[in-house]
Amino acid sequence: MELRDHTHHHPHGPHQGGDSAAMAELLDLDAAVLHSYLSDVTSWIQRQATDVPLRRILDLGAGTGTGTIALARRFGAAEVIAVDRAEELLTRVRAKAADLNIADRVRTVRADLDAAWPAVEPVDLVWASNSLHEMADPDRVFKDAFAAIRPGGLLAVAEMDALPRFLPEDIGLGRPGLESRCHEALEQERGDTQPRLGPDWGPHLERSGFTILGERTFTIDLTPPQPPATGHYAHAYLRRIRPVLEGRMATDDLAALDTLLDSDGPDGVLHRHDLVVRGTRTAWVARRP
Ligand SMILES: C[S@@+](CC[C@H](N)C(=O)[O-])C[C@H]1O[C@@H](n2cnc3c(N)ncnc32)[C@H](O)[C@@H]1O
C-alpha cells in the first residue's frame with residue numbers, strides 16, 4: 001500500500017530516499033500485497049474507457065512497473081510506456097514484461113518529468129500513481145499530459161491518502177497504540193512545509209482543462225490470515241521509517257519497534273499472525289475534451 005508515499009518530498013516516505021533497491025523492494029511488495037486494489041482500479045478505469053480505444057498508455061513515474069504491468073494485462077491491445085527518471089527501476093519493468101511475455105507491448109523511457117515531458121507519440125491514457133506528489137510542478141505536468149493525450153483520451157491519477165497500517169492496536173509488546181504513535185512522529189517530522197499525503201488533484205485537473213469523469217476512494221482492509229508477502233511488506237515499510245523515528249519516540253516504543261523488526265520469533269513482523277493491511281487510495285479519471 002502506501003505506499004504512496006513515498007516520496008521525495010516526504011522524507012519519511014517509505015519510498016523515499018536514495019536507496020533505490022529498498023524502494024524497489026517496497027514497490028514490488030506493495031503490488032504483491034495489493035493486487036486486488038490494482039485489479040479494482042484498472043477495472044474502474046476500463047469501465048470509463050468504453051468509448052476510447054486504448055492503444056497507447058503512458059505510466060508517469062512508473063517505478064518498478066506495478067501500474068505498467070497491471071494496465072498491460074487489463075488492456076491487452078495496448079502498448080504501455082513506463083516513464084521514470086530512475087533507470088534502475090525501469091530495468092525492473094523490462095524484466096517483468098519479459099517474464100510475462102509482454103515485452104513487445106511494454107516500453108520504457110527514462111525522463112525527468114521535472115525537466116521536460118518526454119518525446120513520445122500521442123497517447124490514449126496517462127496513468128500516474130503515487131508519483132505526481134513527488135514532482136516539482138505537478139500543474140506543469142498536468143498541462144503537458146493534456147497536450148500529450150489525444151482529444152477524448154483519459155488521465156487517471158491515484159494517490160495514497162494515509163500512511164499504511166500493518167499492526168493491530170495491541171501487539172503484545174509495550175504499550176498499545178504503537179503504530180499510531182509512529183505515524184504521529186512521522187507527521188511531526190514532516191511538518192507543515194511538506195505536502196500532505198493524498199493531495200486533492202481534482203481542482204488541478206480542472207484547471208488544466210480536463211473534465212473529471214469520476215473520483216473514487218479505494219479502501220484497503222486486509223485481515224489475517226495474510227500471505228507471507230505481507231510480513232515482508234510490513235518489515236520493509238517499518239525498516240524504512242525506523243531511522244526517522246529515532247529521537248522522536250519514547251525509548252520503550254523504539255524498543256518495541258526494534259523487536260518487530262529484528263525478532264526471528266513470533267513477535268517479529270516476518271512471523272506474526274496478526275498483521276493487517278489498511279489504507280485508502282483515491283483515484284480520479286478525467287477526460288481531455
Ligand atoms: C512512489 S513511486 C510510485 C511508483 C509507481 N507509480 C507505483 O505506484 O508503484 C514514485 C516514482 O516516481 C518517480 N519520479 C518522481 N519524480 C519524478 C520525475 N521528476 N520524473 C520522473 N519520475 C519521477 C520516482 O522515481 C518513483 O519511481
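Every number for a ligand or one of its atoms is a count from 1 in the order of the listing. Bear in mind that the values here come from a model prediction, so they are computed numbers and not experimental data.
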Chemist: Relative to the ring of Y237, is the ring of F166 parallel (under 30°), tilted (30 to 60°) or perpendicular (over 60°)?
Modeler: tilted

Chemist: What is the distance from atom CD of E25 to atom CG of D30, rounded to the nearest 0.5 Å?
Modeler: 12.0 Å

Chemist: Is D59 in polar range of ligand 1, meaning some N or O pair under 3.5 Å apart?
Modeler: no

Chemist: Only counting residues at least two apart or in another chain, list the ones meeting salt bridge (charged side-chain N to carboxylate O under 4.0 Å, His left out) with D221.
Modeler: R278

Chemist: Number the atoms of ligand 1 from 1 as they appear, then name those within less than 4.0 Å of a heavy atom of N130, with their elements.
Modeler: 1 (C), 2 (S), 3 (C), 10 (C)

Chemist: Using non-hydrogen atoms of the residue, decide whether D30 is closer than 4.0 angstrom to ligand 1.
Modeler: no

Chemist: Heavy-atom contacts under 4.0 Å between D112 and ligand 1: side chain, backbone, both, or neither?
Modeler: both

Chemist: Counting from 1, what ligand 1 atoms have a heavy atom of M23 closer than 4.0 Å?
Modeler: 2 (S), 26 (C), 27 (O)

Chemist: For ligand 1, which atoms, with element, lie under 4.0 Å from some heavy atom of A111?
Modeler: 20 (N), 21 (C)

Chemist: Should you measure from each heavy atom of G63, which atoms of ligand 1 turn up under 4.0 Å away?
Modeler: 4 (C), 27 (O)

Chemist: Compute the centroid of each ring, for W284 and then for F210, and state whether the two points are separated by less than 6.0 Å.
Modeler: no

Chemist: When rounded to the nearest 0.5 angstrom, what distance separates CG in D124 from CG in L58?
Modeler: 11.0 Å

Chemist: Please say whether more than 12 non-hydrogen atoms of neighbouring residues, nucleotides or ligands are located less than 6.0 Å from CZ in R239.
Modeler: yes

Chemist: List every atom of ligand 1 that sits less than 4.0 Å from any heavy atom of A62, numbering the atoms from 1 in the order shown and giving each element.
Modeler: 4 (C), 5 (C), 6 (N)

Chemist: Check whether F146 forms a cation-pi arrangement with R288 (NZ or CZ under 6.0 Å from the six-membered ring centre, at most 45° off the ring normal).
Modeler: yes

Chemist: Which atoms from ligand 1 have a heavy atom of L89 less than 4.0 Å away?
Modeler: 27 (O)

Chemist: Name the residue from T108, D99, T68 that meets the side chain to side chain donor-acceptor pair (under 3.5 Å) definition with R94.
Modeler: T108

Chemist: Taking R92 first and then E88, would you say they form a salt bridge - that is, a charged N and a carboxylate O separated by under 4.0 Å?
Modeler: no

Chemist: Should you measure from each heavy atom of S131, which atoms of ligand 1 turn up under 4.0 Å away?
Modeler: 12 (O)

Chemist: Taking both backbone and side-chain atoms of A86, is any N or O found less than 3.5 Å from an N or O belonging to ligand 1?
Modeler: no

Chemist: Within the 4.0 Å heavy-atom shell around D114, which atoms of ligand 1 are there?
Modeler: 19 (N)

Chemist: Looking at residues at least two apart in the chain, or sitting in another chain, which of them share a side-chain contact (heavy atoms from CB on, under 4.5 Å) with A256?
Modeler: L173, L178

Chemist: Strictly under 4.0 Å, does any heavy atom of A31 approach an atom of ligand 1?
Modeler: no

Chemist: Compute the shortest N/O to N/O distance between S129 and ligand 1 and return yes if it is under 3.5 Å, no if not.
Modeler: yes

Chemist: Are any of the N/O atoms on V83, whether in the backbone or the side chain, positioned under 3.5 angstrom from an N/O atom of ligand 1?
Modeler: no

Chemist: For ligand 1, is there an N or O atom under 3.5 Å from any N or O atom of R85?
Modeler: yes

